[in-house]
Amino acid sequence: MTDLSTLKLFATQPHPCSYIDGEQATTVFVDPEATIDITLYSQLSLLGFRRSGGHLYRPQCASCQACMSCRIPVGLFRPNRSQRRCWLKNKDISISTTSRIDTLEHYNLYSRYIEGRHQDGDMYPPSEEQYKAFLTSEWGATRYLEFRLNGILIGVSVCDYLEDGISAVYTFYDAALSERSLGKFAILAQIEKAKELGLSYVYLGYWIKQCEKMNYKTDYRPLELLVNRRWLRLN
């Protein structure tokens with residue numbers, strides 16, 4: 001095991017929270033000069049850290065603990081009616097795994113997704129430099145699930161393979177296919193991939209009760225939340 005006590009962390013200055021109006025946020029980052037391997041990355045994920053590009057980070061706000069890491073224990077997961085319907089509806093989608101998404105096909109899909117769905121976000125306007133910095137492989141842990149319909153790329157899930165699970169880093173897809181609920185389908189596909197690999201969890205990042213756009217995460221039951229450094233199950 002890597003000695004976490006020797007790992008340097010750096011904190012940002014307090015800044016307005018992106019999720020809760022009126023709150024001040026502080027983020028801690030792992031030393032960018034630290035040597036990261038899958039074992040260390042897995043240990044840090046257990047403590048609530050996430051990856052963004054080449055950085056590992058965790059919220060550490062002085063007056064708020066609303067951001068809660070969440071994960072799905074895939075062996076216990078039981079899809080609800082809506083999730084079963086989504087999976088069946090998309091049986092005609094082929095799913096494959098690749099180690100690279102540096103083609104124009106991948107980038108164009110990402111660019112259309114950001115321009116269509118996230119013009120108010122930090123990733124707008126999209127650029128190839130930002131795309132590569134944010135999503136491409138780090139520390140040998142990253143794989144990509146491709147979703148294709150009649151051979152056409154319609155979605156990509158960026159997945160980091162940890163020692164105990166898959167970290168769902170980001171998903172982008174053809175927003176014109178709204179009737180297929182591709183965001184939901186991508187999570188279900190990652191659950192199936194974790195089962196196939198013999199892994200125990202799919203890590204979904206942070207859940208904030210007050211943030212409506214994160215409510216979808218609690219649809220996957222049971223869900224485990226990291227509370228005071230303990231993973232507690234929400235049935």
Closest approach of [X] to [Y] (non-hydrogen atoms, all atoms of both residues):
X: Trp207; Y: Cys70; value: CB-SG, 4.1 Å
X: Pro126; Y: Ile114; value: CD-CG2, 3.9 Å
X: Gln65; Y: Cys61; value: NE2-O, 3.6 Å
X: Arg50; Y: Ser167; value: NH1-OG, 2.8 Å
X: Val156; Y: Tyr144; value: CG1-CB, 4.2 Å
X: Asn215; Y: Thr218; value: O-OG1, 2.8 Å

Is it the case that the side chain of [X] and the backbone of [Y] share a donor-acceptor pair, with hydrogens and angles ignored and the cut-off at 3.5 Å?
X: Trp231; Y: Ser69; value: no
X: Arg51; Y: Gly53; value: yes
X: Arg233; Y: Pro222; value: no
X: Tyr206; Y: Met214; value: no
X: Lys217; Y: Leu223; value: no
X: Ser181; Y: Cys86; value: no
X: Ser178; Y: Ala175; value: no
X: Asn90; Y: Arg180; value: yes
X: Thr12; Y: Thr27; value: yes
X: Arg84; Y: Pro79; value: yes

Verify side chain to side chain contact (heavy atoms under 4.5 Å, CB included) between Thr136 and Asp102, making sure each step is shown before the conclusion. CA-CA 8 Å; Thr136 52; Asp102 55 358; 5.7 Å; no
Quick check for you: to the nearest 0.5 Å, what is the distance between [X] atom [atom1] and [Y] atom [atom2]?
X: Ile154; Y: Leu182; atom1: CD1; atom2: CG; value: 5.0 Å
X: Ile208; Y: Met68; atom1: CD1; atom2: CE; value: 10.5 Å
X: Thr97; Y: Glu196; atom1: OG1; atom2: CD; value: 7.0 Å
X: Arg221; Y: Asn80; atom1: CZ; atom2: CG; value: 10.0 Å
X: Ile93; Y: Glu146; atom1: CD1; atom2: CD; value: 13.0 Å
X: Glu23; Y: Asp21; atom1: CD; atom2: CG; value: 9.5 Å

In the structure I gave you, are the side-chain heavy atoms of [X] and [Y] within less than 4.5 Å of one another anywhere?
X: Lys213; Y: Tyr19; result: yes
X: Ser45; Y: Tyr201; result: no
X: Pro73; Y: Glu224; result: yes
X: Gln190; Y: Thr171; result: yes
X: Tyr220; Y: Val74; result: no
X: Phe147; Y: Leu177; result: no
X: Lys184; Y: Asp219; result: no
X: Val202; Y: Leu204; result: yes

Where do Tyr41 and Leu162 land on the side chain to side chain contact (heavy atoms under 4.5 Å, CB included) test, with the steps shown first? CA-CA 7 Å; Tyr41 186 6; Leu162 308 176; 3.6 Å; yes
ILVMFWY cluster, [X] and [Y] together (side-chain gap under 4.5 Å):
X: Leu109; Y: Phe134; value: yes
X: Leu197; Y: Leu76; value: no
X: Tyr216; Y: Ile72; value: yes
X: Trp139; Y: Leu4; value: yes
X: Phe10; Y: Ile36; value: no

Around atom [atom1] of [X], are there more than 12 heavy atoms of other residues, nucleotides or ligands at under 6.0 Å?
X: Gln13; atom1: CD; result: no
X: Lys132; atom1: NZ; result: no
X: Lys209; atom1: NZ; result: no
X: Asp92; atom1: CG; result: yes
X: Arg100; atom1: CZ; result: no

Kindly assign one of parallel, tilted or perpendicular to the pair Tyr113 and Tyr170, based on the angle between their ring planes and the thresholds 30° and 60°.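 Because their plane-to-plane angle is over 60°, the rings of Tyr113 and Tyr170 count as perpendicular.
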So Tyr57 and Phe29, would you call those rings parallel, tilted or perpendicular, with 30° and 60° as cut-offs?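 The rings of Tyr57 and Phe29 sit tilted, inter-plane angle from 30° to 60°.
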Run the side chain to side chain contact (heavy atoms under 4.5 Å, CB included) test on Ile191 and Gln83 for me, step by step, so that the C-alpha distance in whole Å, both residues' side-chain angles and the decisive distance to 0.1 Å come before the verdict. CA-CA 12 Å; Ile191 291 171; Gln83 291 158 353; over 6 Å; no
Indicate whether any N or O donor in one side chain lies under 3.5 Å from an N or O acceptor in the other, for Ser52 and His55.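 There is no such pair between these side chains.
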Passing candidate, side-chain contact (heavy atoms from CB on, under 4.5 Å) with Tyr110, options Gln130, Glu128, Glu115: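 It is Gln130, the one option of Gln130, Glu128, Glu115 that forms the side-chain contact (heavy atoms from CB on, under 4.5 Å) with Tyr110.
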Report the C-alpha separation of Val30 and Leu44 in whole Å, then their side-chain angles, then the decisive distance to 0.1 Å, and conclude whether the side chain to side chain contact (heavy atoms under 4.5 Å, CB included) test is met. CA-CA 9 Å; Val30 173; Leu44 290 168; 3.9 Å; yes
